[in-house]
Amino acid sequence: MRYVEEFRDPVKARAVLAEIARVTDQIGATAENPVRIMEICGGHTHAIFRYGLDKLTPEGLEFIHGPGCPVCVLPMARVDECVEIAEQEGVIFTTFGDAMRVPGTRKSLLQAKADGADIRMVYSPLDALELARRNPEREVVFFGLGFETTTPSTALTIQQAARENIRNFSVFCNHITVPPPIRALLDDPHMRLDGFVGPGHVSMVIGTHPYDFIAQDYGKPIVVAGFEPLDLLQSVLMVLVQIRDGVARVENQYARVVPEHGNPVSLAAIEDVYEPRPSFEWRGLGEIDASGLRIRDGYKAFDAEEKFGIGYAAGTRNVPEPEGCACGAVMTGRMKPTECPQFGRGCTPDMPLGALMVSSEGACAAYWTYGGARAVEPAE
Amino acid sequence: MCLGIPGQIVEITDAACQLGMADVSGVRREVSLACVADRPLDQLIGEWALIHVGFAMALIDADEAAETLAALEGLGEAQETLEQMAEGAKALAPKGEVVQ
Ligand code: SF4
């Protein structure tokens with residue numbers, strides 16, 4: 001119990017942990033036959049490793065890390081397309097800092113910047129729009145990346161650009177949605193998942209109903225959770241209790257922030273600007289139907305894929321993932337980070353080979369930062 | 001990158017565009033209030049919001065704000081977000097800007 005003291009309320013944390021142990025036991029789960037709970041959100045993965053929750057919970061409970069890190073699930077082809085856009089004459093390419101170090105086939109955005117491309121890290125798509133206002137003779141492209149939490153921000157920014165008729169601004173849209181990959185994982189006959197911890201901040205936008213199919217069609221419990229360690233533990237307990245009682249419901253542990261029906265302004269902006277793509281490619285999961293968004297025809301002028309004739313606008317592409325990289329298997333919970341032959345050898349946070357080692361929300365980076373590094377040191 | 005950071009709305013800067021100034025751990029940053037504008041904008045002054053990539057996404061109470069900030073600090077995310085805000089400010093005012 002070396003980490004419990006760091007909790008905001010260690011007494012409460014101990015009580016919840018004891019209850020988790022008791023219910024896991026009642027379920028009859030053991031180290032050999034564990035109950036498997038997937039935390040969907042990369043922020044939760046980060047918190048689990050940071051607070052050692054996987055060590056504090058019983059052996060009969062296994063955390064499976066979900067595909068909820070938007071930088072990690074981006075296939076290499078998309079990174080290559082970013083570099084291709086960024087290296088065009090007259091372009092200012094803007095991106096969240098998280099995406100800078102993701103390896104592409106030839107180079108990452110960071111390397112492209114070092115090679116002379118005008119790539120700028122911004123905090124907000126609003127900053128990119130401001131750059132477009134200030135540089136009317138340049139083409140400013142924003143790398144739109146992220147799940148439903150982030151999608152409203154680019155939708156609202158595109159609406160603003162349209163209102164002001166800012167023609168030198170466009171978004172390279174890589175927005176993805178949470179429910180379709182969850183359905184894909186549930187449909188995968190090799191996957192056994194007993195329940196889910198749902199993402200808090202995604203749900204603040206979409207509400208809890210988009211998860212109804214998990215309970216209704218697949219009979220699995222899901223609890224939307226905050227990302228405080230105690231929130232997470234409480235949510236895990238709520239999932240376990242449902243499993244023990246043989247029920248499957250969508251529950252909301254984070255109701256203080258997540259409204260049942262989501263945020264109406266955000267949802268309206270998403271609906272106005274975006275529509276589902278027929279399918280979108282995910283690293284490790286392949287093409288998933290209706291899992292990505294594209295910009296609607298009404299806002300075509302702000303679609304970088306159309307403007308530069310790149311990506312899905314250029315037809316199908318196929319870029320293999322790097323040699324020896326197990327990102328796909330780790331992403332889908334089939335492999336632990338330490339089981340990847342590259343972990344800590346060909347792939348470290350300083351010299352990443354795969355995307356999961358880049359973002360703090362990636363399972364490999366989290367594993368490395370909070371103790372996994374020891375696993376490859378020659379201690380034996 | 002999917003986490004928001006709590007900030008207190010301190011001023012309305014552009015009512016037409018629904019923009020306001022937020023104080024995020026002592027750093028002032030202009031944010032969009034569109035997603036939380038369920039009341040006259042002036043009434044948002046003093047409120048706490050969860051801010052994600054420059055957009056106030058949900059109003060929260062002061063206790064929730066304090067707890068969320070503590071959790072973010074524990075994860076090292078608070079510092080990271082403040083650095084990203086500084087990066088953003090830098091991107092808007094780089095040396096060697098081609099056109100003023
Ligand atoms: S260690 Fe590196 S290459 Fe292996 S799965 Fe993780 S990120 Fe991918």
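Below, chain A is the first sequence line, B the second, and so on; all start at residue 1.
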Result of checking A:F169, A:F96, A:F172 against A:F142 for ring-ring contact (aromatic ring centres under 6.0 Å, His included): A:F96
Report the option among A:V122, A:T94, A:L126 that has the most heavy-atom pairs separated by less than 4.5 Å from atoms of chain B.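 Among the listed options, the one with the most contacts to chain B is A:L126.
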What residue in A:H46, A:M204, A:E148 has the most heavy-atom pairs under 4.5 Å with chain B? A:H46
Interchain contact, A:V258 with chain B, by part (heavy-atom threshold 4.5 Å): neither
Is A:D127 close to chain B through its backbone or its side chain, or both, or neither, when contacts mean heavy atoms under 4.5 Å?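 Contact with chain B: backbone and side chain both.
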Should the ring pair A:F93 and A:F143 be called parallel, tilted or perpendicular, given that the plane angle runs from 0 to 90° and is split at 30 and 60? tilted
Holding to salt bridge (Lys or Arg N to Asp or Glu O under 4.0 Å), I want the full list of residues that pass it with A:R101, two or more places apart in sequence or in another chain.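 Listed in chain order: nothing, the list is empty.
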Flag for A:R163-A:N165: side-chain donor and acceptor within less than 3.5 Å: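 No.
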Flag for B:H52-A:S153: side-chain donor and acceptor within less than 3.5 Å: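 No, because no side-chain N or O of A:S153 sits under 3.5 Å from a partner of the opposite role on B:H52.
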Strictly less than 4.5 Å between heavy atoms, which residues of residues 8-16 of chain B line up against chain A? Please order them by number.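 Under the 4.5 Å heavy-atom cut-off, nothing qualifies.
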Residue pair [X] / [Y], side-chain heavy-atom distance below 4.5 Å:
{"X": "A:F49", "Y": "A:H65", "value": "yes"}
{"X": "B:L69", "Y": "B:E67", "value": "no"}
{"X": "A:T95", "Y": "A:L145", "value": "no"}

Could you check whether any side-chain N or O of A:H175 sits under 3.5 Å from a backbone N or O of A:G146, counting only pairs where one atom can act as donor and the other as acceptor?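 Here the side-chain-to-backbone pair exists.
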Indicate yes or no for a side-chain donor-acceptor contact from A:N252 to the backbone of A:Y254 under 3.5 Å, with no hydrogens or angles considered. yes
In terms of heavy-atom pairs under 4.5 Å with chain A, the winner among B:E83, B:R29, B:E87 is B:R29
Region of [X] in contact with chain A, defined by heavy-atom distances below 4.5 Å:
{"X": "B:E30", "value": "neither"}
{"X": "B:A70", "value": "neither"}
{"X": "B:E64", "value": "side chain"}
{"X": "B:L82", "value": "neither"}

